[in-house]
Amino acid sequence: MSSSTTTQDSKSAVPVVFITSATGTQGLNLATLLRSPSNGLNWTVRATTRDLSSPAAQQLISLGVNLFPGSWDDTAALTDALTSCTHLFLNTVPSFTDPYLERRQTAQILSLAKTAGVKHVIFSSALGINRLDELPLFVTFPEAKDTVMGQSLYSKAATEQAVRTSGIEHWTILRGGSFMENFVVPKIAYYGPDFKDKRVWRMAMPRGNTLPIVDTLDIAKFAVEAFQEPERFHEKEIEVVGEILKVEDIAAKLDEKWRDDVRGKNIEYQGLTEEEIEQAKKDRNPFVLGQLAIKEMGKWVSAEETKKWGVKVGTLGEFLEREREAVKKTFCLE
């Protein structure tokens with residue numbers, strides 16, 4: 001049997017939430033909201049982690065999160081962690097080496113959660129997962145479906161279906177836009193070294209292309225709201241978007257917001273050339289293919305629809321203000 005980092009809480013009447021990927025930005029944000037007495041919640045939160053000594057794990061421990069050492073393949077650790085849980089926040093990660101790993105892990109977590117008595121599961125998915133066959137990339141370049149990137153997206157779609165058919169009393173799917181956190185360290189590495197090192201943001205999208213973006217804190221806010229109103233959010237599949245901005249406007253906001261804090265070259269957006277895109281497709285480059293997959297998302301979703309749920313979502317400017325030190329660390333040239 002695995003042992004946790006805090007006293008067992010099986011007799012507590014307080015809701016008990018198991019969070020997967022608790023050491024990631026979504027998980028940390030959700031754990032912080034659920035554990036905060038100022039929110040009137042102070043719910044019990046549990047999670048597994050492979051490294052109790054990591055900075056993120058230590059931050060969770062400082063919040064009072066009950067951590068269990070183990071991975072999502074560790075049935076004993078998952079069983080212990082899920083015992084007496086009432087809620088599950090599912091945020092699984094596709095494998096680049098095993099296209100079916102996420103599905104197996106999801107199946108095990110959902111099965112153990114149902115057995116443990118979980119009443120509400122929320123899955124954090126991504127925009128467009130419910131419409132993969134309509135993606136222009138897959139229509140014009142069907143070979144992309146069999147790439148690492150394509151398999152990871154269809155893995156997400158399989159996880160959505162597993163949640164719908166899990167038999168857990170309430171379920172909700174949240175589909176977030178591109179994360180604002182990707183514009184600062186360490187996530188900025190996703191866009192390649194030029195963004196941070198040369199302050200040139202390059203993607204497989206022309207200027208004028210729109211990108212739906214979201215603060216992961218807002219995904220966590222939606223999860224908290226859904227957990228507190230399970231009937232209202234039951235069987236709901238919600239696009240969570242803070243803003244939909246042109247890519248060059250995102251670069252301009254990054255540059256303008258911190259013009260006084262940086263030295264040297266301004267932040268600039270450049271779209272990849274057609275030749276570069278075609279070569280990336282031949283190379284099955286997962287990052288470029290991923291950018292092509294989300295290229296049309298700005299036409300498919302509406303920030304106004306997100307707002308109709310009554311959960312306050314933030315703008316890029318508000319995110320940059322809150323994360324000022326991270327932005328300075330990312331773009332300031334010493």
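By the 4.5 Å heavy-atom criterion applied to side chains, Arg35 and Leu60 are not counted as neighbours. For the pair Phe18 and Leu90, the minimum side-chain heavy-atom distance is 4.5 Å or more. Residues Gln291 and Tyr190 form a side-chain contact, since some pair of their non-hydrogen atoms from C-beta on lies under 4.5 Å apart. Taking 4.5 Å as the limit, some side-chain heavy atom of Lys281 sits within range of a side-chain heavy atom of Leu289. Proximity of Phe195 to Tyr269: side-chain heavy atoms (C-beta onward) are nowhere separated by under 4.5 Å. When side chains are defined from C-beta on, Val148 does not count as touching Arg284, because their heavy atoms never get closer than 4.5 Å. Between Phe319 and Asp218, every side-chain heavy-atom pair lies at or beyond the 4.5 Å cut-off. When side chains are defined from C-beta on, Thr106 does not count as touching Ile109, because their heavy atoms never get closer than 4.5 Å.
Phe233 pairs in a ring-ring contact (aromatic ring centres under 6.0 Å, His included) with only one of the listed residues (Trp171, Phe227, Phe123, Trp309), which is Trp309.
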> Can you check side-chain contact (heavy atoms from CB on, under 4.5 Å) on Leu127 and Val301, steps first, answer last?
Replying inline: CA-CA 8 Å; Leu127 293 181; Val301 299; 3.8 Å; yes

> Should Ile129 and Leu153 be marked as a side-chain contact (heavy atoms from CB on, under 4.5 Å) after you check the CA-CA gap, both sets of side-chain angles, and the distance that decides it?
Replying inline: CA-CA 7 Å; Ile129 294 299; Leu153 293 183; 3.9 Å; yes

>> Leu217 vs Leu33, test: side-chain contact (heavy atoms from CB on, under 4.5 Å). Steps then yes/no.
In response: CA-CA 9 Å; Leu217 176 61; Leu33 292 178; 4.2 Å; yes

> Step by step, would you call Glu181 with Thr25 a side-chain hydrogen bond (donor to acceptor under 3.5 Å, both in side chains)?
Replying inline: CA-CA 8 Å; Glu181 282 83 351; Thr25 54; 4.9 Å; no

>> Would Leu272 and Val288 count as a side-chain contact (heavy atoms from CB on, under 4.5 Å) here? Give the steps.
In response: CA-CA 9 Å; Leu272 297 180; Val288 173; 4.0 Å; yes

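Relative ring orientation between His87 and Trp43 is described as tilted, the plane-to-plane angle lying within the 30° to 60° band. Ring geometry, Phe183 versus Trp201: the interplanar angle exceeds 60°, so the pair is classed perpendicular (tilted spans 30 to 60°).
Contact record, Val247 with Pro206: CG2-O, 3.7 Å, taken as the closest heavy-atom pair. Heavy-atom minimum distance, Ala77 versus Pro69: CB-O, 3.6 Å. Across every non-hydrogen atom of Ser21 and Asn91, the tightest pair is OG-O, 2.6 Å. Nearest heavy atoms, Thr23 versus Leu28: O-CD1, 3.7 Å. Residues Gly314 and Met180 share a closest heavy-atom pair of O-CE, 3.7 Å. The shortest heavy-atom contact between His234 and His170 is ND1-CA, 3.3 Å.
Although no hydrogens or angles enter the test, the distance criterion places a donor-acceptor pair under 3.5 Å between the side chain of Ser152 and the main chain of Met149. In this structure, the side chain of Thr330 engages the main chain of Ala326 through a donor-acceptor pair within 3.5 Å. The backbone N or O of Val16 sits less than 3.5 Å from a side-chain atom of Thr86, completing a donor-acceptor pair. Under the 3.5 Å distance criterion, the side-chain polar atoms of Thr147 are left unmatched by any main-chain donor or acceptor of Glu143. Thr20 places a side-chain N or O within 3.5 Å of a backbone atom of Phe89 that can act as its donor or acceptor partner. In this structure a side-chain-to-backbone donor-acceptor pair under 3.5 Å is present from Thr306 to Val241. In this structure, the side chain of Arg232 does not engage the main chain of Glu225 through any donor-acceptor pair within 3.5 Å. Without hydrogens or angle criteria, Asn182 side chain to Tyr191 main chain gives no donor-acceptor distance under 3.5 Å. Judged purely by atom type and a 3.5 angstrom limit, Glu243 uses its side chain to pair as donor or acceptor with the backbone of Leu316. Using a distance-only test at 3.5 Å, with no hydrogens or angles considered, no donor-acceptor pair links the side chain of Asp215 to the main chain of Val313.
A donor-acceptor pair shorter than 3.5 Å can be found between the side chains of Ser125 and Glu160. For the residue pair Gln105 / Thr92, no side-chain donor-acceptor distance below 3.5 Å is found, with atom types taken as modelled. For the 3.5 Å distance criterion, the side chains of Thr75 and Gln108 qualify, holding a donor opposite an acceptor.
Interatomic distance, Gln228 CD to Leu41 CG, rounded to the nearest 0.5 Å: 5.0 Å. Here the CD1-CE distance, from Ile277 to Met203, works out to 10.5 Å after rounding to the nearest 0.5 Å. We find the OG1-CH2 distance between Thr48 and Trp72 to be 7.0 Å, quoted to the nearest 0.5 Å. Taking NZ from Lys295 and OG1 from Thr210, the interatomic distance works out to 11.0 Å, rounded to the nearest 0.5 Å. Atom CD1 of Ile250 and atom CG of Asp255 lie 13.5 Å apart (nearest 0.5 Å). With rounding to the nearest 0.5 angstrom, the CG atom of Leu211 is 11.5 Å from the CG atom of Asp249.
A cation-pi arrangement is not found for Lys187 relative to Phe179, the charged atom failing to lie both closer than 6.0 Å to the ring centre and inside a 45° cone about the ring normal.
In summary, Lys198 and Glu268 do not engage in a salt bridge, as defined by a charged side-chain N under 4.0 Å from a carboxylate O. Ionic pairing of Arg164 and Glu237 is present here: one or more N-O contacts between side-chain nitrogen and carboxylate oxygen are shorter than 4.0 angstrom.
Follow the hydrophobic side-chain contacts under 4.5 Å out from Val163 and you never reach Leu101; the two are in separate clusters. Following chains of ILVMFWY side-chain contacts shorter than 4.5 Å, one cannot reach Phe287 starting from Phe96, and the two form parts of different hydrophobic clusters.
A search for salt bridge (Lys or Arg N to Asp or Glu O under 4.0 Å) contacts involving Arg104 returns Asp98, not counting sequence neighbours.
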Listed pairs under 3.5 Å, donor-acceptor, residues 110-120 side chains, sequence neighbours left out:
| residue | atom | partner | partner atom | Å |
| --- | --- | --- | --- | --- |
| Thr115 | OG1 | Ser111 | O | 3.0 |
| His120 | NE2 | Thr172 | OG1 | 2.9 |

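Between Tyr154 and Tyr100, the ring center distance fails the sub-6.0 Å criterion.
Annotation: Lys329, atom NZ; neighbour count of heavy atoms from other residues, nucleotides and ligands within 6.0 Å does not exceed 12.
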